[in-house]
Every structure is written in C-alpha cells, then in structure tokens.
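Below is one structure, written out as structure tokens; comments come after it.
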There are 2 protein chains.
Amino acid sequence: MIQKGDITRQLILEHATALASQVGLEGLSFGRLAEDLDLSKSGLFAHFKSLQGLQMKVLEHAAERFTETVIRPALKAPRGEPRLRAIFDRWRRWPKESRMAGGCFFVAAATELDDRPGPARDLLVSQQKDWLETLAGVVRSAIAEGHFHRRVDPEQFVYELYGLMLAYHYSVRLLNDPKADRRAETAFESLMQRAKA
Amino acid sequence: MIQKGDITRQLILEHATALASQVGLEGLSFGRLAEDLDLSKSGLFAHFKSLQGLQMKVLEHAAERFTETVIRPALKAPRGEPRLRAIFDRWRRWPKESRMAGGCFFVAAATELDDRPGPARDLLVSQQKDWLETLAGVVRSAIAEGHFHRRVDPEQFVYELYGLMLAYHYSVRLLNDPKADRRAETAFESLMQRAKA
DNA sequence: CTTTTTTTAGCACGATCGTTCTATTTTTCC
DNA sequence: GGAAAAATAGAACGATCGTGCTAAAAAAAG
C-alpha cells in the first residue's frame, strides 16, 4: 500500500539531494530544508529519524537517480565500445540532466566523506566500488568483442577514465573553462585509441 | 619588527589549514580552533576579523606551503622532462609531506567552493589558474628542449595530468586502493610516452 | 623603571543546529 | 459514517555558531 508519507519523503529527498550537491551532505540541515519545502522542522525530522538517516537516504536516492539516468539507458547500446561511449556521454551530462545545482553529487560527497568514518562513508564507498566494477565490466566486454586488444588492463582503463571525468568536473565548475568539453573529448578519444585492437 | 602576534597567527594558520583539509573551509570554526590550540575564542577571533578573513588567510597559507614544498624544490631539476617528473613526485607526496590530515587541501577546497561565489572562491580560482599555467610552462619547456614533440598541446597535457592526480587522490583517500600509486605511475608514464618526441 | 601598544580573555547577544515531547491534523481502514 | 493509524506542527532543550564589547595581561618602546 502506497502511503502519503512515501510521496512526501520522495519530494524531500529530491530537494535534499540537489541541495547536498551544493552545500555537501554535512551542509544539509532540517531547518533549511523545512523552510525551502514549507514544512515544519519537526515534521520533516520525523520522516528520517536523524540527520544521519537523512544523509543515508540521500545517498541512496542519488544512486538510484544515477542508475536510471546514466547506467540503465546506456545499457541499451551494443556491448563493447558503443556502450562505453554511451556511458561517457551520459555520465558527462548527468549533473545537468538531474538538475544538480552543485555539479555531480558524488564528486562532492567523495571529497567530503573521504575522511569521516561512519555508515555514510561506508555506503558511498560501496556504491563507488560497484560503479567502478560496472565500468570495468564494460571494458572487459569491449575486449571480448574484439574492440580492444587483450593487453588492456580494465582497472587501469577505468582509473584513467575516472580521472578524465574528475578533471572535467573541476574544469567546468571551478574554472569555468569553455574548452572543458573539448578537453574531455580529446582525452577520451586518446584513451580509446590506445585501447583499440 | 617581528611581533608576537605574527608567530601566534602562523601557529593558528598551520593548524587551521590541516583542519580545513579534513572538515573543509566552511567546516572551520573559531570555537573548535580555540579548543584545539588552548586559546580563547575571542582572542583567536581578534587575529582575523571574521570567518571569511580566516578562510582567506588559510588559502594563502596553504598556497605558500605548496609553493615551498612542491614547486620551489622541483624547479631545481633541469628544465623539461626531469622537472616535470620532479613535480609529479612531489605533488603526489605533498599531502603527506605537509601533514594534511585530510588529504590535499586544494582538492577539498575546489569541490567545496566551486558553487559558492565570494572572495574565497575568487582567490582559489586565481591560485589554481596560476598553478595550471606554471605546469603548462614546464610542458612548453619540455617541447623547447626537444623532450616532447611539437604537436603536444600543453593545456591538454596539463588537463590529463591533473585528472590523473585527482583520480589518485580519490583512489587513495576514498577507496583506500593499495594499487593507487602504481595506477598513477602507469598513467603518468603513458602520458609521458605519448608526448615523447 | 614607566608608558604605550599589542595581544589575549571573559562574557553576552541573537541565530541556528539536532533532537525530543506533546498535540493536532490528515489519511487510511473498516 | 467512525476508529485507528500515520503524518504534520509547535514549542522547548542544550549546544554551538559568528561576532561585538570591555577589561586584564603581556609585550614593545621610551
């Protein structure tokens, strides 16, 4: 049975995730959220039983959005190189697509939580490892399909791909570099070229 | 004339910078600093006239430390490729070298300030652009020395180098990946190889 | 030494934080 | 419809925040 509370919770999480992409997970506050959403602070609090509870739900919500915005659609592309290209395109556009005011939610969370032990950090780490493993799997497919030669190290490939995306985020958001898109594409093509059979 | 205040200020900044690498620039608070350093909150406050003032000084302090720990020593290496390698080595070790408990201070600051307009962000952007320009200059020297071929795009090179460092930071701090060092070295050598004349 | 300047401490302010408790309203079930 | 359950609001708590004001202590200057 779908309850009213579930809808409200979803609405809160939608806003909280976008807000967290700006101010960080620790920057979230019930007072601010309540004001933005025209709810009482205590009413909002009752939905998640603590700030940590809210932060965990926000992490889960963001991961779901990422899956349905980036991963799932890209899986429709043919295995191997085309799928990898689809992922790259959608990944790069995902902060805009998901209307994250503060850029990629996970980039913010990663630098914020990397030195704060606790369940939130643990959850993020496990999510990120899943994502890296998914990426490595796509690279392995590209090798199996004969698109990439067999000497390609999938983990190394993913490491460099991730670096490229981080540099892109940094260039766009902090430096406002208009050439950021071209830079990312060039780096991606270079990475692909080196892996080609 | 050197005053007592300057020494105290330096001591505060030393601690504040390390703390900010963990909790971020916005995570700094006079109360916390005062407790850590056994000073009164108001006495500490008097040294910087506002939280923004403290944050600006912390940014400046971190930049000075970076210059003397990474840039200056690396400039002793011969122009071109050797100097680039010296920078890479020192850059990678600098969070440990400078005893930043929370990893590279600037990585944290970059993701934190990228969507908060103000003087702190402006200062950080100008610092980062300086650093990128320095790096591009070293790459240009490598071309001039004949170490790199003339088709190398210095800005593109720096973009990929920066991405590699960001991925390294991410792998070490969030994922605790023991292979992070090897991954960074491999990516760096690949970047060098592609640029070689 | 004394005087002046600088540095530090103490205290209070309004604001906001996470959280708890209780009451009221709204939704759900029969 | 009414009864039970769920969702929301209101007020208050102790804590911490940045900041200002005032006084005492320490350092620098003569």
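Residue numbering restarts at 1 for every chain, and letters A, B, ... go by the order of the sequence lines.
- The pair A:E189-A:R85 counts as a salt bridge, with a side-chain nitrogen and a carboxylate oxygen less than 4.0 angstrom apart.
- Nucleotide D:dA29 holds its C1' atom 10 Å from the CD atom of B:Q3, rounded to whole Å.
- In this structure, a donor-acceptor pair under 3.5 Å is absent between the side chains of A:Y170 and B:D114.
- Across all strands, B:L28 comes closer than 4.0 Å only to sugar-phosphate atoms, never to a base (heavy-atom distances).
- Comparing A:K41 and A:A46 against DNA chain D, the residue whose closest nucleotide sits nearer the 5' end is A:A46.
- Positionally, the nearest nucleotide of DNA chain D for A:S42 lies more toward the 5' end than for the other of B:F45 and A:S42.
- With rounding to whole Å, B:H47 atom NE2 is found 10 Å from C:dT6 atom C1'.
- Ionic pairing of A:E145 and A:R140 is not present here: no N-O contact between side-chain nitrogen and carboxylate oxygen is shorter than 4.0 angstrom.
- At whole-Å resolution of the value, CG in B:L37 and P in C:dA9 are 11 Å apart.
- Look at CD1 on B:I7: it is 16 Å from C1' on C:dT8, rounded to the nearest Å.
- Between the P atom of C:dT8 and the CZ atom of B:F48 lies a distance of 10 Å, rounded to the nearest Å.
- For B:Y162 and B:W91, the gap between ring centers is short of 6.0 Å.
- Heavy atoms of A:L44 sit nowhere under 4.0 angstrom from any nucleic acid atom.
- Nucleotide C:dT8 holds its P atom 9 Å from the CZ atom of B:R9, rounded to whole Å.
- Taking atom CD on B:E35 and atom C1' on C:dT8, their separation rounds to 18 Å, with Å as the unit.
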